[in-house]
Each structure stands twice: as C-alpha cells, then as structure tokens.
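Throughout, numbering of the chain's residues begins at 1 and tracks the sequence. What's counted below: heavy atoms across the whole structure, side chains too, no hydrogens, waters or symmetry copies.
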Amino acid sequence: MAMAAIPTRLHLHLLLMLLALSFVAATLVAAQSRPFGGAPPGYARYVVDASETAAEEEYDYIVVGGGAAGCPLAATLAGPGGGRVLLLERGGAPAEFPALATAGGFVRTLALADPSPESGAPAQGFSSEDGVANVRARVLGGGTAINAGFYSRAHPGWFHGQGEGAEVPDWDMRLVNASYEWVEQELTFQPEVHGWQAAVRAALLEANVTPWNGFTVDHVAGTKIGATTFDASGRRHSAADLLAFARPGRLRVAIRATVTRIMINPIDPADRRGRSRPAVAAVGVVYQDRLLQQHHAMLRPGGEVILSAGALGSPQLLLLSGIGPASDLASLGIPVSADAPDVGKHMFDNPRNGISIIPSVPIDHSLIQVVGIPSANGTASYIEAASYIVPLSPLLRPTGPFLSPSSPLYVTMATIMEKVPGPLSEGSLWLASPNPVETPSVRFNYFSRPEDLAQCVVGVRRVAQVLRSRTMDIFRSPLGSSSQGRRGPTRRDFRIVGATLPLDWSTNDTSVADFCKRTVTTLWHYHGGCVVGRVVDKDFRVTGSRSLRVVDGSTFSVTPGTNPQATIMMMGRYVGLKMIGDRHSRRQVNTSS
C-alpha cells in the first residue's frame, strides 16, 4: 500500500480547506479561553495556596500528589471513618487553566508543556534518555485533568498477574468493582460516536477486530466504545472532582506545594514488631510553597504518609528521602535511611506507533472513544484513534499578500495508533541531582526485549489493515491520473503526515520492525519504579518502613489495559477504604485489650 507524503507546495483545494479550518480553529480557541459559568467546582472549598498554610501542622494522613490516585484516596480518607487529611499538589487547580475544560484544549496543552520547574503550566515536558519526548502532569487532578478522557477498566487477568516474577496484591474483587463504580458515577459518560470515530469503528470490524461489543467500561476482546470523562456539554471531569466527597473540616488541599522530602526516623530495634520488622518510620513531610518558604506537615500517632506522586514523583521522593540504592544516594550526598536497591528500577513505558493523515474530507475533532482489543488478556497491541486540529508546520504554510509566514493556519489531522501491551522492556529512574524540583532522569529502553518489537510489528500491520479497509477510502486524496499524459481514473491515496509505512509492510518483518524503532513515541502511560514485591508489599507499604505507603501507577509492572486512569482512580478509592478498615480494626483491638 503506497502512501504519499505531503508535498512542500500545497494544492489549491487543500489551501482552501485549510483557510476554512483556520477560521473554525480560531473560533474553538476563543471558546476554550472562556471558562464554563456556574458554581465553583466542589473541590474549591478545600483548596488553599501552600503559601497560606501554617509553618507546622498535624494530620492523620498526608497524601503527596493530587492526581489520579491521590484525589480519590484523600477524599476517602477524609470521609466516614477517616481522619484529618492533607493533600499536597505541586501544581495549580484545573479552573486556573480554561483550556483543560474541553477536549479542544488537549493538543494545545501538550504542545505547550513547559519543562521548566518554575513554570506554572499544567503539563511539564521532559525527554527520556531514549530521546523520546514525554509529559508529566502538574495540576490538581494529575493526568486526568490533561489527558484524552478515555476510560476503561483493567483486563481481568491484570488482577492475577503483573509481569515476570511480579507479586500481586490480594485484590478483593467485590471492593474493586465497588470502587470502580464509585468513580464512574461521578466522572464517566457514554460518548456520542460519529465522524472519524464511527469510521474507525467500522474499519476495525472490517479488519477482523471482532466481535462488536458496543459501549462498555469493561475490557473485552473485540471493538468497543469506552467511556469518556467529558460530559454531554463537552466539559471535562477529573479526579479533582472526587474531592467533593470528603467530609467538610477533614480535608485540606494545598496547591503549589512541592514536597522536598519525607521526614524519616529510625525505629529502635526493641520496638520493631511484625514479620517485616520495619527499621524506619515516616513522621511527616517537608514542603515548599511558591515563595520558597518551608512547611512541616507532621503525622499524628497512628498516621501515615502516602505517596501518590506518579511513576516519576514517587520514586524520586523516596530517593530524596534516603530510601533507595545506598551507593547512588551516597554519591549525591543524600544520607541513607534505608538501602532499597529496587527504588527507581523496573520502569516501563508502552511504545506507541501510528500513522497520521490529512483526510480528504472535513472531519470532526475527536479524542479516543473507540478501541480495538484483539486479545482480552492483554497479549496483543491495542488500536486507538483520534482526530484533532493542529497548527500547520511553518515549512508547509503558504504565503501571499493576505497570509504572512506567522499567520495562524490550522489543519485537521487524523491518527490511528497501536499501543504495545505490557511491556516487557524495562528501564530505570535516577536522580539527576538532589534538587527536588528537577525532573529525575529516566530511560525506558523501548524494544530492548524482542517480544515487544514483535508485538509492535503485528500491531502496525493491523493499523495498515484498518487503513486499507473500504471504510477508509473516503479519506484518501486524489493524486492525479493513473498514467502520465493519458486520461484515466484518478489515483487516490492517503496524504501522510510524517513517516510512511514501508512498501513491503505485509511481508517484511525487518522493515516494519525498523519502522517501529524509528517512529516510537509515548502514549504517556509510563509506570513502575516502586513495583509491588520489589519496593512495596501487597498492601502498598514501603518494605522495611512503618507509616509509609505508595499508591499510584509506580507500583505497576504491567499496564492495566487500553488506558490506566480508571484503574489508578479505582486504586485510590480501594486502598483508602482498606486503610480505614485497618484503622477501625486497630481501634477495636486497642479498646478490647
């Protein structure tokens, strides 16, 4: 299947289409800059700028990271049976960034991701040591406040095994399902599927990604419509909205609060009880506000510090606090609290590869709604698609008496992509410096395991099969007559943006594998660094410590499915309920003794 790349000089019909789209895009951008009216979000009553908090306060629970896990966890711990909770978020509140409120702001938010630690942008850019550009969230709600909004539960097998030799928590599936439902009642909606997403649905079925499963939040083999966190009016709902379930007076959310370290005390050997015999205990955290003032949040007796700062932030904070490989910490002058060699190890990022086209007919803006799941147990690449309006590259912008080189010009682009499950290839994270505001260094070692590369080859071929379907013919552009100087049927093909598939994609594994390695990028689903059985136990407690847990995607060694946000939010609710149950049980024991 030959595919034409965009020529340097655009055809007149394409120029006219771009001019029309530029007007539409400008209208959309203007609309995005106007925040939705009505009452303030439910979480607003709990939020305070960190500069307005006391120099020292005590809490029953201190949650570090107001993202997909931290928000439901804090709301649960500040609910019935819980205690006084402090949630610390290094970024601002979603309402400060109007572009986050609608799907139209997704691409713009990622495009404007600022790597600077001093920036207040809700998305912070970074590049892995593999040379792949990436993004981490820097806003209350975490990734759920900046992502594409797709929501789907984990594949069933994920709860029973997570990679080679990895331990698995003893999941209570009744509570797992109840926790999913708690999230879904507040945050998820059934999307209206039309335009590009409807075409992708039909093309997936033509490519034999069957059966058709309709709308479902469950992970099932075939083609399905997943839930979305954008409601019928187009407004985004994020994990931050779950904070509204906290009991008034129990929760404080400090934004622009950068945690610099966990305060760790050694435990007297005579007081070391239990099978794990913890050697250290968390007693609080130190955090810094936007004015660079230091604050101390201390634990009350029986309290806990929970890290929910994500796959970069949680291992980074353990390392900054002296919990990690002793030799690495010593080389940076960080006092060693506990030698934990696996902190920052076993880092994973699911490779993404795809094809982007400029369709020959106008299509709607759509983020991921339809997915192809060739295998229910997570052993085959997932197929996803999106369409969005993006600025045209300056090299391809036409100029003239009415268009300057700096004139905003937009084009609608459609993408079909595959995401490698797992993956098996793993890397590591380490501190570039002891500066807590610096993003740590990370290498994911994409395709270092041949099994992942083989998965990509199969996935890319499936993308090609979707593009070859009859449904996709309408998006092909005319390329001229079939033979030079003779009349004949107009040849049509896809107008490709970026790399094209090799001509021998259907038969040559080597050329497709080379395409995978040349075009690899991320779907922002990186995980690991505090993996269960390596750094935390089955209850997410940091091994060798007391009153310290990690509850977020850094504990995963395998992606839960097409998108991890559903499972990470579920996890926050689930662990919060488990912690309240444990607290109640301890109180009963103390009362009876």
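Between atom SG of residue Cys71 and atom CG of residue Leu187 there is a gap of 10.0 Å, rounded to the nearest 0.5 Å. Going from atom OG of Ser381 over to atom CD of Gln455 covers 5.0 Å, rounded to the nearest 0.5 Å. Atoms CZ and SG, from Phe515 and Cys456 in turn, are 8.0 Å apart once rounded to the nearest 0.5 Å. Rounding to the nearest 0.5 Å gives a distance of 4.5 Å between OG of Ser356 and CE of Met413. For the atom pair CD of Gln197 and CG of Leu367, the computed distance is 8.0 Å after rounding to the nearest 0.5 Å. Taking CG of Leu501 as the reference point, atom CZ of Arg468 lies at 11.0 Å (rounded to 0.5 Å).
For the side-chain contact (heavy atoms from CB on, under 4.5 Å) test, residues two or more places apart in sequence or in another chain that qualify with Thr471 are Ala199, Ala202, Ala203, Glu206, Ser469. Under the side-chain contact (heavy atoms from CB on, under 4.5 Å) criterion, Pro423 pairs with Phe348, Asn350, Pro351, Asp452, His527, sequence neighbours left out. In terms of the side-chain contact (heavy atoms from CB on, under 4.5 Å) criterion, residue partners of Ala154 (sequence neighbours excluded) are, by chain and number, Trp158, Phe159, Tyr180, Pro560, Thr567. Among residues two or more places apart in sequence or in another chain, the side-chain contact (heavy atoms from CB on, under 4.5 Å) test is passed with Ala432 by Glu438, Ser441. Judged as a salt bridge (Lys or Arg N to Asp or Glu O under 4.0 Å), and not counting sequence neighbours, Asp504 has no contacts. Residues forming a salt bridge (Lys or Arg N to Asp or Glu O under 4.0 Å) with Asp114 (at least two apart in sequence, or on another chain): none. Contacts of Asp218 classified as salt bridge (Lys or Arg N to Asp or Glu O under 4.0 Å), with partners at least two apart in sequence or in another chain: none. With sequence neighbours left out, the ring pair (Phe, Tyr, Trp, His ring centres under 6.0 Å) criterion links Phe126 to Tyr526. Partners of Arg461 according to the salt bridge (Lys or Arg N to Asp or Glu O under 4.0 Å) rule, which considers only residues two or more places apart in sequence or in another chain, are Asp509.
Here ring pair (Phe, Tyr, Trp, His ring centres under 6.0 Å) pairs that include residues 197-218, with residues two or more places apart or in two chains, number zero. Within the structure, salt bridge (Lys or Arg N to Asp or Glu O under 4.0 Å) pairs that include any residue of residues 128-146 do not occur (at least two apart or interchain). Sorted pairs that involve residues 344-364 and meet salt bridge (Lys or Arg N to Asp or Glu O under 4.0 Å), not counting sequence neighbours, are lacking altogether.
The closest side-chain heavy-atom distance from Ile373 to Thr562 is below 4.5 Å. Two residues are said to be in side-chain contact when any heavy atoms from C-beta on lie closer than 4.5 Å; Arg235 and Thr102 fail this criterion. Here the side chains of Met417 and Asn353 are not in contact, with every heavy-atom distance at 4.5 Å or above.
Under a 3.5 Å cut-off, the side chain of Gln369 and the backbone N or O of Ala198 do not form any donor-acceptor pair. Here the side chain of Asp241 pairs a donor or acceptor atom with the backbone of Ser238 at under 3.5 angstrom.
Ser366 and Tyr388 are not linked by any side-chain donor-acceptor pair at a separation below 3.5 angstrom, with hydrogens and angles left out of the test. Looking at Arg90 and Gln124, their side chains do bring a donor and an acceptor atom within 3.5 Å of each other. For the residue pair Arg236 and Asn147, a side-chain donor N or O sits within less than 3.5 Å of a side-chain acceptor on the partner. Side-chain contact, Ser128 with Asn134: no donor N or O sits under 3.5 Å from an acceptor N or O. Defined by atom type and a distance below 3.5 Å, a donor-acceptor pair is missing between the side-chain atoms of Ser425 and Asn445.
With a 6.0 Å radius and a threshold of 12 heavy atoms from other residues, nucleotides or ligands, Ile474 has its CD1 atom at or below the threshold. With a 6.0 Å radius and a threshold of 12 heavy atoms from other residues, nucleotides or ligands, Arg470 has its CZ atom at or below the threshold.
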>> For a side chain to side chain donor-acceptor pair (under 3.5 Å) check, start with the C-alpha distance between Ser433 and Asn435, then their side-chain angles and the critical distance, and finish with the verdict.
In response: CA-CA 5 Å; Ser433 80; Asn435 184 348; 5.0 Å; no
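Salt bridge status for Asp473 with Arg476: present, with a side-chain N to carboxylate O gap under 4.0 Å.
Exactly one of Glu184, Gln565, His237 qualifies for a side chain to side chain donor-acceptor pair (under 3.5 Å) with Tyr151. That residue is Glu184. For the side chain to side chain contact (heavy atoms under 4.5 Å, CB included) with Phe150, the lone residue among Val371, Thr229, Thr228 that qualifies is Val371.
Annotation: His219 is in aromatic contact with Tyr382 [ring centroid separation under 6.0 Å].
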